[in-house]
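Below: one structure, written as structure tokens.
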There are 2 protein chains.
Amino acid sequence: MTTPHSACLHESGGFPDRKLLALLMADGRQSYAALGQQVELSTAATKRRVDRMRKEGVIRGFGADVNPAALGWSIEAFVEIYCNGQVPPKQMKEFAHAIPEVHDAYTITGEADGLLVVRCTDAAHLERVLGRIRDQHDVLRTRTAIVLSHL
Amino acid sequence: MTTPHSACLHESGGFPDRKLLALLMADGRQSYAALGQQVELSTAATKRRVDRMRKEGVIRGFGADVNPAALGWSIEAFVEIYCNGQVPPKQMKEFAHAIPEVHDAYTITGEADGLLVVRCTDAAHLERVLGRIRDQHDVLRTRTAIVLSHL
DNA sequence: ACTGAAAAAGTGGCCTG
DNA sequence: CAGGCCACTTTTTCAGT
């Protein structure tokens with residue numbers, strides 16, 4: 001579910017909202033006062049807009065961008081999974097949740113049925129995780145691409 | 001460059017740092033006071049730790065998690081690119097920067113040479129972007145997987 | 001929608017273990 | 001050093017216009 005309930009920014013007055021989103025994506029800890037100056041709105045008006053966008057699901061939340069290497073996750077890999085017959089997204093989700101090294105999971109078009117983003121501490125760890133993925137029911141095979149550089 | 005300068009959390013005293021990172025990843029707008037309570041540290045000590053982790057590059061920044069659909073990006077796709085000979089990451093980076101619909105770019109191991117994460121407004125838009133990617137020098141072909149669901 | 005006052009959060013100094 | 005404490009500034013929040 002990528003689109004929760006309401007979706008697109010209504011065109012009327014959508015301009016400050018878009019700018020607010022850009023500013024918040026660049027620095028999610030800015031004060032409402034600072035944001036307000038940049039969009040030429042009062043602090044209160046700025047906060048109301050941000051609160052509304054949060055309630056609408058336009059803003060899903062705020063997070064920190066943490067260097068994975070600093071936490072010991074030195075290897076990142078994309079793992080395509082090829083399944084037996086059709087695999088409902090629900091099942092994908094469940095088994096992705098069961099493996100903590102899986103940081104993102106998608107169902108996709110094309111040859112593969114799913115795509116996992118996996119983070120591991122080292123090659124041996126990745127090998128073990130791939131084994132666990134392949135041991136899941138209905139997973140026929142995997143195709144792994146290790147990230148060499150992130151641009 | 002995924003690892004800027006210093007990297008791993010020093011083990012001594014690394015515990016509150018890890019917890020802080022987890023808390024900040026879950027909600028990057030919490031106050032230092034609230035964070036401090038959860039790690040049983042004073043407000044000032046909490047801020048000092050967060051500031052240090054920012055300087056060290058452990059925390060790269062803070063951002064808002066924005067629903068792409070709300071901005072009109074209704075299609076997301078992974079595009080593998082297959083190149084002519086070897087392609088230096090620098091070149092990948094340059095051409096990825098040249099196409100604004102490319103939101104992430106990786107060089108990877110395996111059959112493909114690179115992987116792009118692309119966001120478009122609709123199928124026609126995606127088709128145009130794929131055309132532009134294929135028109136780049138040294139790009140032999142692409143292999144696209146459109147995201148059906150994000151788990 | 002703006003204003004201003006009260007409450008809360010951010011920031012830096014200083015001292016202790 | 002890293003942590004707690006304290007004073008000072010900025011920001012947020014909530015009244016009453």
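Reminder, nothing fancy here: chain letters follow the sequence lines and each chain counts from 1. Only a predicted model underlies this, so the values are computations on that prediction, with no experimental measurement involved.
- A:V58 pairs with exactly one of A:R60, A:E56, A:R54 by the side-chain contact (heavy atoms from CB on, under 4.5 Å) rule, that one being A:E56.
- With rounding to the nearest 0.5 Å, the separation of CD in A:E94 from CG in B:L151 is 11.0 Å.
- Using a 30° and 60° split on the angle between ring planes, A:Y106 and B:F78 fall in the perpendicular class, above 60°.
- Distance, B:F15 CZ to D:dA2 P: 18 Å, rounded to whole Å.
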Can you pull every protein N or O that's under 3.5 Å from an N or O on nucleotides 4-6 of chain D?
| from | atom 1 | to | atom 2 | distance (Å) |
| --- | --- | --- | --- | --- |
| D:dG4 | OP2 | B:S42 | N | 3.1 |
| D:dG4 | OP2 | B:S42 | OG | 3.4 |
| D:dG4 | N7 | B:R48 | NH2 | 3.0 |
| D:dG4 | O6 | B:R48 | NH1 | 3.0 |
| D:dG4 | O6 | B:R48 | NH2 | 3.2 |

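- Counting to the nearest Å, the P atom of D:dA2 and the CZ atom of B:R52 are 6 Å from each other.
- Under the 4.5 Å side-chain heavy-atom criterion for ILVMFWY residues, a single connected hydrophobic cluster contains both A:L41 and A:I59.
- Hydrophobic cluster membership is shared by A:F62 and A:V39, with clusters built from Ile, Leu, Val, Met, Phe, Trp and Tyr side chains linked at under 4.5 angstrom.
- Atom NZ in B:K55 sits about 14 Å away from atom P in C:dT11, given to the nearest Å.
- Side-chain contact check for B:Q30 and B:Q38: at least one donor-acceptor pair (N or O, by modelled atom type) lies under 3.5 Å.
- Side-chain contact check for A:E101 and A:H125: at least one donor-acceptor pair (N or O, by modelled atom type) lies under 3.5 Å.
- Between B:D51 and B:K55 there is no salt bridge, since no side-chain nitrogen of the basic residue lies less than 4.0 Å from a carboxylate oxygen of the acidic one.
- Note on B:K47: a side-chain N or O is less than 4.0 Å away from OP1 or OP2 of C:dT11.
- With rounding to whole Å, B:Q37 atom CD is found 17 Å from D:dG3 atom P.
- B:I146 is connected to B:I99 through a chain of hydrophobic side-chain contacts under 4.5 Å among Ile, Leu, Val, Met, Phe, Trp and Tyr, so both are in one cluster.
- End-to-end axis angle of the helix from C:dA1-D:dT17 to C:dG17-D:dC1, using five pairs per end and rounding to 10°, comes to 20°.
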Given A:R143 and B:E80, is the salt bridge (charged side-chain N to carboxylate O under 4.0 Å, His left out) satisfied, shown in steps?
CA-CA 13 Å; A:R143 177 175 175 265; B:E80 289 180 356; 2.9 Å; yes

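- Only A:S31, A:Y32, A:A33, listed by number, bring a heavy atom of residues 23-36 of chain A to less than 4.0 angstrom from any atom of DNA chain D.
- By the 6.0 Å contact criterion, NE2 on A:H103 is enclosed, its count of non-hydrogen atoms from other residues, nucleotides or ligands being greater than 12.
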